[in-house]
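One structure below.
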Amino acid sequence: MSKVVFGNSMSLDGFVAGPNDGPENGLGDGGMRLFDWYSSGDTPLPLPGTNMVFHISRASAELLQEEWSKLGAMVAGRRMFDIAHAWGGNPPGGGPCFIVTHHPAQEWVTEGSPFTFVTDGVESAIRQAKEAAGGKDVSVASASIAQQCLQLGLLDKIHIDLVPVLLGGGVGLFDHLGITPIDLEVTRVVEGLGVTHLTYRVIK
Ligand SMILES: NC(=O)c1ccc[n+]([C@@H]2O[C@H](COP(=O)([O-])OP(=O)(O)OC[C@H]3O[C@@H](n4cnc5c(N)ncnc54)[C@H](OP(=O)(O)O)[C@@H]3O)[C@@H](O)[C@H]2O)c1
């Protein structure tokens with residue numbers, strides 16, 4: 001059955017971007033450190049759907065290859081879409097991409113666009129992404145969407161690429177969850193170069 005999986009690089013103090021992030025400062029002040037591990041090793045790993053190639057440890061490459069091969073569609077928020085400049089029309093993963101927003105980007109509402117703009121909430125975006133994923137998993141790519149998925153009980157798996165840095169501020173991954181504890185089970189820990197990959201199952 002199709003699972004909903006969040007994945008991001010995160011600092012030890014829980015930030016997925018530094019302060020002052022925006023289209024001209026993608027990961028915010030100091031936030032590029034979160035992606036340093038993408039060039040920390042000598043095993044090449046092409047990012048599907050793009051022309052980017054990471055160079056990472058063998059352990060990281062094997063893990064990511066396995067995880068990425070399970071993904072069939074992506075859900076992201078409008079800030080990430082804008083900050084990534086719509087990935088130049090080639091969203092990572094290469095599959096259909098659902099952008100949760102109040103304001104569809106009309107220039108991408110075209111025949112053959114990889115983007116579907118969802119204006120009726122996260123639940124609807126996940127439902128549409130699951131339908132489009134053809135039985136594969138749905139990746140959730142941005143922090144605000146992950147938190148809403150957790151609150152709605154829609155998230156099955158959390159994959160954190162934990163980077164050994166303290167950013168001190170920025171976009172917090174778990175800032176707006178409320179006070180109800182959400183229990184997780186650690187299902188995998190893989191040590192890479194400059195990163196520790198932590199995978200959790202969300203207990204429902
Ligand atoms: N560390 C990593 O691995 C990694 C990877 C990728 C990105 N990032 C960073 O993550 C950050 C983006 O995450 P984010 O949490 O700040 O923003 P986000 O989730 O990408 O976007 C938030 C925006 O999406 C729209 N939205 C969210 N929920 C909605 C809802 N229920 N209904 C309608 N619209 C909704 C709203 O925009 P509108 O009201 O304008 O429509 C909202 O302001 C960026 O800093 C990016 O650089 C980090």
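Read the numbers this way: they start at 1 and go in the same order the structure lists the ligands and their atoms.
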State yes or no: do V118 and I145 share one hydrophobic cluster built from I, L, V, M, F, W and Y residues joined by side-chain heavy-atom distances below 4.5 Å, directly or via other members?
yes

Check M10 against ligand 1 and report side chain, backbone, both or neither, counting heavy atoms closer than 4.0 Å.
neither

Closest approach of T43 and A61, non-hydrogen atoms and distance?
CG2-CB, 3.6 Å

Does at least one non-hydrogen atom of A76 fall below 4.0 angstrom from an atom of ligand 1?
no

Quick one: which of V189, D161, I160 gives a side-chain contact (heavy atoms from CB on, under 4.5 Å) with T196?
V189

For atom 3 (O) of ligand 1, what's the nearest protein heavy atom and its distance?
S9 N, 2.8 Å

At a non-hydrogen distance cut-off of under 4.0 Å, which region of D21 contacts ligand 1 (side chain, backbone, both, or neither)?
side chain

Note: ligand 1 atoms sitting under 4.0 Å from heavy atoms of S142 are 13 (O), 18 (P), 19 (O), 20 (O)

Distance to 0.1 Å, residue and atom name: give those for the protein heavy atom nearest to atom 48 (C) of ligand 1.
V16 O, 3.2 Å

Starting from atom 21 (O) of ligand 1, which protein heavy atom do you reach first, and at what distance in Å?
R79 N, 3.1 Å

Once you restrict to heavy atoms under 4.0 Å, what part of I83 touches ligand 1? Side chain, backbone, both or neither.
side chain

Using a strict cut-off of 4.0 Å, indicate which atoms of ligand 1 neighbour a heavy atom of A143.
13 (O), 15 (O)

Give a yes/no verdict on whether any heavy atom in F81 is under 4.0 Å from an atom of ligand 1.
no

How close do A143 and V16 get, counting heavy atoms only, and between which atoms?
CB-CG2, 4.0 Å

Which residue owns the protein heavy atom closest to atom 26 (N) of ligand 1, what's the atom, and how far is it?
V100 O, 3.6 Å

of all protein heavy atoms, closest to atom 37 (O) of ligand 1 is R78 CB, 3.6 Å

Report, in ascending order of atom number, the atoms of ligand 1 lying under 4.0 Å from any heavy atom of A17.
45 (O)

Does R58 come within less than 4.0 Å of D42, counting only side-chain N to carboxylate O?
no

If you count heavy atoms of other groups shown closer than 6.0 angstrom to CZ of R33, is the number above 12?
no

One finds that the ligand 1 atoms under 4.0 Å from a non-hydrogen atom of L27 are 8 (N), 47 (O), 48 (C)

Identify the two heavy atoms, one from A17 and one from L34, that lie closest to each other, and give their separation to 0.1 Å.
N-CD1, 3.8 Å

Return the minimal non-hydrogen interatomic distance between V202 and L155, and the atom names on each side.
CB-O, 3.4 Å

Students should be able to answer this: which protein heavy-atom is nearest to atom 41 (O) of ligand 1, and at what distance?
T101 OG1, 2.5 Å

Pick whichever of H102, M80, M32 has a heavy atom sitting closest to atom 39 (O) of ligand 1.
H102

Nearest protein heavy-atom contact for atom 31 (N) of ligand 1: which residue, which atom, what distance?
Q148 OE1, 2.9 Å

Could you please spell out the steps behind the salt bridge (charged side-chain N to carboxylate O under 4.0 Å, His left out) verdict for K204 and D183?
CA-CA 8 Å; K204 297 182 185 174; D183 291 314; over 6 Å; no

So if I count the atoms of ligand 1 from 1 in the order they appear, which ones are less than 4.0 Å from some heavy atom of S144?
15 (O), 18 (P), 19 (O), 21 (O), 22 (C), 27 (C)

Contacting atoms of ligand 1, where contact means under 4.0 angstrom from a heavy atom of H103:
40 (O), 41 (O)

Atom 47 (O) of ligand 1: closest protein heavy atom, distance to 0.1 Å, is G26 O, 2.9 Å

Could you tell me which non-hydrogen atom of K136 sits nearest to which non-hydrogen atom of S2, and how far apart they are?
O-OG, 2.7 Å

Which atoms from ligand 1 have a heavy atom of V171 less than 4.0 Å away?
16 (O), 45 (O)

Measure across S9 and W37 and return the closest heavy-atom pair with its distance rounded to 0.1 Å.
OG-NE1, 3.1 Å

Derivation of the ring-ring contact (aromatic ring centres under 6.0 Å, His included) call for F98 and F117:
CA-CA 6 Å; F98 295 81; F117 296 93; over 10 Å; no

Check ion pair K157-E185 (N to O, under 4.0 angstrom):
no

